[in-house]
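Okay, so here's the structure we're looking at.
Start at 1 and go down the list; that is how both ligands and their atoms are numbered. What you see is a predicted model; the values in this text were computed from it and never measured.
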Amino acid sequence: MSTTRCRIAPSPSGFLHIGTAKTALYNWLFARSTGGTFILRLEDTDAERTDEAYVQAMCEGFKWLGIEWDEGPEFAGEPERGAYGPYRQSQRRELHRREALRLLDEGKAYKCFCSKEEIEAERQRALEEKRPPRYSGKCRNLSPQQVAAMGDRPYTVRFRVPEGETVVHDLIQGDVRFDNKEYDDFIILKANGDPIFHLAVVVDDGHMKITHVIRGDDHLTNAGRHVMLFHALGYPLPQFAHHPLVLDEQGRKYSKRLHGANVLDWRDDGYLPETLINYIILLGWTSEEEGREFFTLEELKHLFTLERLSKSAARFDRKKLDWLNGQHIRMLTPEKLRDRVVPVLEKHGFDCSGRSPEWLTRMAAICQEKIPTLNHIVEYTDFFFRDVAWYEEKAVNKHWRAPDAADRMRLIRGTMNAVADWTHDGIKAAYEQLTRDTGESLGKFVHPTRLALTGKSVGPGLFELAELLGKAECLTRMDRAIAYIGRLGEEQS
Ligand code: GLU
């Protein structure tokens with residue numbers, strides 16, 4: 001194993017957002033492509049916003065995508081894994097405190113006794129004067145005697161931002177320079193002893209020996225603070241890579257209120273995790289092979305490099321996602337597709353238990369080239385599981401209104417009845433013979449049959465579905481259709 005150690009550090013205050021999935025994927029692929037370690041650390045210090053249900057939803061999202069962590073917290077009965085735990089930030093509070101107090105001892109941080117009211121008044125003044133709100137530095141230079149004189153008064157711990165410049169050497173953004181004057185002395189420990197995000201994240205990254213911090217560029221300004229803290233705490237500096245956020249189709253930040261912001265929405269809509277992985281990687285990474293867009297997870301594990309991460313944000317493109325989903329559905333073996341569509345059918349109340357695995361595989365196979373999502377299996381195959389209760393009106397008008405419609409259907413039924421070899425090829429041969437005998441196109445027989453057997457004008461190939469439906473059932477459905485056409489004729493006359 002290489003020494004590469006990278007992590008995803010989500011705050012479980014919501015579901016697994018597509019942007020977080022993107023960050024996780026980049027970290028995970030980087031770990032996999034370098035033989036390193038991928039760590040899941042839950043940044044659950046904000047007790048008010050953290051919810052156990054979100055922890056579950058997030059981990060479930062990672063699992064669904066196939067992003068497995070090498071080190072991380074206990075989940076779904078699996079124990080915590082890794083030698084650098086605990087992997088829940090809330091359980092590392094003592095360490096954060098200890099490190100903050102060390103900074104205090106070393107004079108790299110100081111106690112601030114300003115009350116909330118004072119800070120708020122300062123903030124208001126800044127807003128009125130249209131200045132960015134900053135801490136005045138009032139307690140920065142208190143003498144030891146002045147501090148001692150404060151007695152038991154509550155205090156926060158502030159980081160003493162050094163003078164000069166901080167440079168974040170970013171693998172994606174290049175060198176990003178910050179004049180330290182842009183930062184005020186920020187709080188690292190609250191009055192109640194809880195760490196502030198900046199401290200917690202740096203202490204944890206330091207102690208977990210993280211070598212690469214790959215995350216969204218909304219953290220780029222924070223990275224300046226983090227670099228200062230890394231130096232102050234004496235930890236080796238990890239490499240940073242800040243990648244752009246995911247934008248929606250309108251080019252705005254992908255709001256968590258939008259359907260699809262939650263990765264599991266796509267699962268519910270019948271998309272494959274393979275598709276999402278492939279799609280998400282394209283939101284910020286390009287292959288060396290120009291124009292190539294289709295990738296499997298296995299391929300990505302070998303192809304992924306940080307160097308090819310893009311600096312510019314990609315817009316969500318639903319059409320591309322749909323196209324990829326079709327591609328990935330076609331890539332599955334029919335058995336794998338069967339195993340994915342059977343639960344969808346069962347969820348819709350269709351009982352598959354009476355069908356053999358072979359039959360179900362063939363059912364999946366005849367839809368494989370056609371369905372855009374797993375959920376489409378329902379409309380492509382429901383007629384196998386229930387009688388045809390209605391016929392599509394447009395197709396009825398097209399195929400069954402002509403005066404000779406019933407005769408045509410009788411002719412087809414007769415042809416069907418005479419088929420001795422009830423297989424795709426046997427049925428097809430009979431229909432082709434019919435076209436030769438009548439001089440009419442195949443469509444003139446195929447479309448009305450499809451309507452009789454399925455009630456619809458689109459679906460799997462007719463000969464395949466007829467074979468699977470069985471001869472007796474096909475004849476029954478033809479009889480029903482002929483009776484229906486008869487009733488149509490009566491209505492018309
Ligand atoms: N917990 C932070 C977030 O969810 C991530 C911090 C980091 O990756 O450094 O945005």
**Study point:** Neighbour list for ligand 1 [protein residues, heavy atom under 4.0 Å]
**Key:**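 Within the 4.0 Å shell of ligand 1, which is judged on heavy atoms, sit Arg7, Ala9, Pro10, Ser11, Glu43, Phe197, Val201, Arg215, His219.
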
Check your understanding: Does a side-chain N-to-carboxylate-O contact under 4.0 Å join Glu298 and Lys301?
Key -> yes

Practice item. Check the angle between the aromatic planes of Phe316 and Trp266 and answer parallel, tilted or perpendicular using the 30° and 60° thresholds. Key: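 It falls in the parallel class, under 30°.
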
Exercise for review: Give me the ring orientation class for Phe186 and Phe159: parallel if the planes are under 30° apart, tilted from 30 to 60°, perpendicular past 60°.
Suggested key: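 Phe186 vs Phe159 ring planes: tilted.
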
Check your understanding: Do any pairs count as a salt bridge (charged side-chain N to carboxylate O under 4.0 Å, His left out) and have a residue in residues 16-34, sequence neighbours left out, and if so which ones?
Key -> Arg32-Asp70

**Study point:** Non-neighbouring partners of Glu182 that pass salt bridge (Lys or Arg N to Asp or Glu O under 4.0 Å), sequence neighbours left out
**Key:**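 Salt bridge (Lys or Arg N to Asp or Glu O under 4.0 Å) list for Glu182, sorted by chain: empty.
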
Point to revise | Residues forming a salt bridge (Lys or Arg N to Asp or Glu O under 4.0 Å) with Arg153, sequence neighbours excluded | key: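 Arg153 satisfies salt bridge (Lys or Arg N to Asp or Glu O under 4.0 Å) with no residue once adjacent residues are dropped.
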
